[in-house]
Amino acid sequence: MPWCLSMSSPFRVRFAPSPTGYLHVGGARTALFNWLLARRTGGKFILRIEDTDQARNTPEAMKAIFDGLRWLGLDWDEGPEVGGDHGPYFQSQRQSIYDAYFQKLVEAGRTYTEENGAVRFKFSRQPILIPDLVCGDVQFAATEEPDMTIRRPDGSYIFHFVNVVDDIEMRMTHVIRGEDHLSNTWKHIDLYHALGAEPPRFGHIPLLLNPSGSKMSKRDEGASIESYIQAGFLPQAVFNYLCLLGWTPKTETEKITQEQAVALFDVSDIHHSNARFDMTKCTWLNQQHLRDLSGAALIAHVRPWLEKDGLIIGDEGYAALALESVKEKVSMASEFTPWVHYFFREDFPIEDEVMAKLKANAQSPALLAALSAGLKQAASWDEAGITAAVTDVATEQKVKAGALMPLLRFSMSGQTRGPDVKIMIGILGKERALARIERLSNLL
RNA sequence: GACCCCUUCGUCUAACGGUUAGGACACAUCCCUUUCACGGAUGCGAUACGAGUUCGAUUCUCGUAGGGGUCGCCA
């Protein structure tokens, strides 16, 4: 049994972003691991907005955080738009709480005021041990750093202070965060002790690096969650890929569902070293998940991109067949259009390559005419009936059936790539198929 | 500069003292095939370096090098 299930009190973990940009992929993964821990243990996942820096906060950034987390399926049990017993969940609304805790520190004699009014916290200057869930015991010697400022001259508080106060007030039991915080954690523990509180269990997860090995920055491909939404990724695929960066589920395949991740997650399995981001593998995983979609779900996922490209989905049953016929050939929602556009319009272009191939063979017009006549006689308009009709034409024209297939493909789609020809013809229907052979013949 | 974390194929990783160091992505070749893809097969390819402990180190210890992080009146 994982260590986490043997503990009695319910876990309380949080994600505490500051709304100063977009939702960063590294932050999303931190949120993901916290969420997994909560869901795995039946605990609570809390969202807290650290918006103490009024100058840099934006409503857009706040929306990006909410949208991004929800898109990934990381729902929070307490926090903005949800509520909870430990609110408010915006630091900008918790000034009085901070004032009260600050007073405790003053009374304990652990503060002093600078000439300009800023207030510093007196470090205990004792060695401090961090029993880290991921890194193990990390020992910091008594510090020689200057005491830490916790309150500005204007009365507002610094990150380290509000972060600790909120984690105490919100009853956090575990803090899973990026390893970039490890070097400051002893300061937080010092604060917990000064406030007479028991520190939570810490777990510092490795950082996400870009392909060249440095910390993911704003400009790096895939840095914002929004970019995945816009690129046509499936949230379950991005969720899956993020799981794989820093953690290995003990499964046969790397493709896992959210449910599997929840069932298998264990903090003690989190890796110790940083991981580089690989968009190619993320894309591959998207393809794997895309194949699981069908019918209405597939249409819902792809529709925005088809409509953006001017294609109109009429009958959903027809559209589902069209999309399913090519879903294994693409890896992203944004890639469907060139594979399916001819299903949704009659005026599709005929590629130059197609015309060249047709004109290179003097038999093309005769074969097209024969196919038209043969298909008109097809006993049934399904794969078997179409196959039989084409075979008959091939026999009669003394060619291999394989030689006729490209002609049909060209007629139906005007291009060289697409789904299986018989499937394609079946979906289009007899009337349209014959009309398209006619149309191509007239162009020769 | 001080302190902290890390180091297995190009990338993500498996191995918790004993394996011909395994898998996935990528790449290459082949098979399948009307196209593209999927699928299947094969190939390519790694324990940073140096000591030590041990019968035996990818695994434990130390050193070196390299990478990352922290040291704000940012979060």
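First the proteins, then the strands, lettered A, B, ... as listed; each starts at 1.
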Nearest whole Å is fine: how far is [N] [atom2] from [X] [atom1]?
{"X": "A/K329", "N": "B/C38", "atom1": "NZ", "atom2": "P", "value": "9 Å"}
{"X": "A/L207", "N": "B/U70", "atom1": "CG", "atom2": "P", "value": "8 Å"}
{"X": "A/K281", "N": "B/G23", "atom1": "NZ", "atom2": "C1'", "value": "9 Å"}
{"X": "A/E145", "N": "B/C73", "atom1": "CD", "atom2": "P", "value": "11 Å"}

Do any of residues 175-193 of chain A sit with a heavy atom less than 4.0 Å from RNA chain B, and if so which? A/E179, A/D180, A/H181, A/L182, A/S183, A/N184, A/K187
Are the charged groups of A/E438 and A/R436 less than 4.0 angstrom apart, N to O? no
Sugar-phosphate only, base, or nothing, as touched by [X] at under 4.0 Å among non-hydrogen atoms:
{"X": "A/K400", "answer": "nothing"}
{"X": "A/R409", "answer": "base"}
{"X": "A/P419", "answer": "base"}
{"X": "A/N163", "answer": "nothing"}
{"X": "A/G213", "answer": "sugar-phosphate"}
{"X": "A/F277", "answer": "nothing"}
{"X": "A/G155", "answer": "nothing"}
{"X": "A/P153", "answer": "base"}

Proximal nucleotide (of [options]) relative to the [X] side chain:
{"X": "A/E254", "options": "B/G23, B/G68, B/A75", "value": "B/G23"}
{"X": "A/R152", "options": "B/C74, B/A37, B/G39", "value": "B/C74"}
{"X": "A/A275", "options": "B/U13, B/A24, B/U11", "value": "B/U13"}

Using only side-chain N and O atoms of [X], determine if any of them is under 4.0 Å from OP1 or OP2 of [N].
{"X": "A/T280", "N": "B/C25", "value": "no"}
{"X": "A/T149", "N": "B/C73", "value": "yes"}
{"X": "A/H271", "N": "B/U13", "value": "yes"}
{"X": "A/R417", "N": "B/U34", "value": "no"}
{"X": "A/T52", "N": "B/A75", "value": "yes"}

I'd like to know if A/N116 reaches the base of B/C73 with its side chain such that a donor and an acceptor end up less than 3.5 angstrom apart. yes
Complementary nucleotide of [N], counting Watson-Crick and G-U pairs under 3.5 Å:
{"N": "B/C55", "value": "B/G18"}
{"N": "B/U42", "value": "B/A28"}
{"N": "B/C71", "value": "B/G1"}
{"N": "B/G63", "value": "B/C49"}
{"N": "B/U33", "value": "none"}

Is it the case that the side chains of [Y] and [X] hold a donor-acceptor pair, with the cut-off being a distance below 3.5 Å and no angle test?
{"X": "A/D147", "Y": "A/Y112", "result": "yes"}
{"X": "A/S214", "Y": "A/N210", "result": "yes"}
{"X": "A/S331", "Y": "A/E335", "result": "yes"}

Ring geometry between A/F121 and A/F123 (parallel below 30°, tilted from 30 to 60°, perpendicular above 60°): perpendicular
Would you sort out whether A/F161 and A/Y101 count as a ring pair (Phe, Tyr, Trp, His ring centres under 6.0 Å), showing the intermediate values? CA-CA 9 Å; A/F161 180 74; A/Y101 273 81; 7.5 Å; no
If you pin A/R151 and A/V421 to their nearest nucleotides in RNA chain B, which one's is more 5'? A/V421
Residue mapping more 5' on RNA chain B - nearest nucleotide basis, A/L245 or A/A118: A/L245
Under 6.0 Å between ring centres: does that hold for A/Y98 and A/F102? no
Quantified in whole Å, what is the [atom1] atom distance between nucleotide [N] and nucleotide [M]?
{"N": "B/G66", "M": "B/G52", "atom1": "P", "result": "24 Å"}
{"N": "B/U54", "M": "B/G18", "atom1": "C1'", "result": "12 Å"}
{"N": "B/U11", "M": "B/A51", "atom1": "P", "result": "26 Å"}

Are side-chain heavy atoms of A/D180 and A/K215 found at a separation under 4.5 Å? yes
Is there a donor-acceptor pair under 3.5 Å between the side chain of A/K430 and the backbone N or O of A/K376? yes
